[in-house]
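Note that the numbering runs from 1 along the sequence shown for the chain.
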Amino acid sequence: MGSIPRPRGRPRKRPEAVAGDRAYDADWIRRWLTGRGIESAIPARKDLREGPGRPPTCDEQRYHDRNTVERCVGHLKERRRLVVRYEKKASHYKAMILWAFVEEYLNR
């Protein structure tokens, strides 16, 4: 990620790529990302790409990584304690997330 210069505060970070599902396959989204130097990992919708021109490409590895992260978040949301966020301190919340990962690993 590259830093974006700003007058004060911490530097903002710009992502290298954005991964989305087929619902985000719109020309204006792809142009917006390209204009900012961000790669898109969005597969083309099958029903809308029948005209002239080449359909946009999708980095399959980045898209697979998106699916992995989404499933991981889904598993974490099964634990009510994490969704409601009973722990207000960040260190305690992080410990509960780690506990959920350990529990998930031991149940496999």
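Using a 4.5 Å cut-off between side-chain heavy atoms of Ile, Leu, Val, Met, Phe, Trp and Tyr, with links allowed through other members, Leu33 and Trp28 fall into the same hydrophobic cluster.
Atom CG of Asp27 sits about 10.5 Å away from atom OG1 of Thr34, to the nearest 0.5 Å. To the nearest 0.5 Å, atom CD of residue Glu104 and atom CD of residue Glu78 are 7.0 Å apart.
The two residues Leu76 and Ala100 come nearest to each other via the heavy atoms CD2-CB, 3.8 Å. Looking at every heavy atom in both residues, Arg62 comes nearest to Ala41 through CB-CB, 3.8 Å. When all heavy atoms of Pro43 and Gly20 are compared, the closest pair comes out as CD-O, 3.4 Å.
No donor-acceptor distance shorter than 3.5 angstrom exists from the side chain of Arg22 to the backbone of Ile42, with no hydrogens or angles considered. With Arg36 contributing its side chain and Trp32 its backbone, the two residues share a donor-acceptor pair below 3.5 Å.
For Tyr24, the OH atom is loosely surrounded, since the number of other residues' heavy atoms within 6.0 Å does not exceed 12. Counted within 6.0 Å of NE2 on His75, heavy atoms from surrounding residues, nucleotides or ligands total more than 12; the atom is thus considered enclosed.
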I'd like a table of donor-acceptor pairs (distance under 3.5 Å, sequence neighbours excluded) in which one partner is a side-chain atom from residues 88-99, with atom names and distances.
residue: Lys88; atom: NZ; partner: Arg85; partner atom: O; Å: 3.1
residue: Tyr93; atom: OH; partner: Leu82; partner atom: O; Å: 3.3

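Residues Arg66 and Asp21 have side chains in contact (heavy-atom distance under 4.5 Å, counting atoms from C-beta outward).
Residues satisfying the side chain to side chain donor-acceptor pair (under 3.5 Å) test with Gln61, not counting sequence neighbours, are Asp65.
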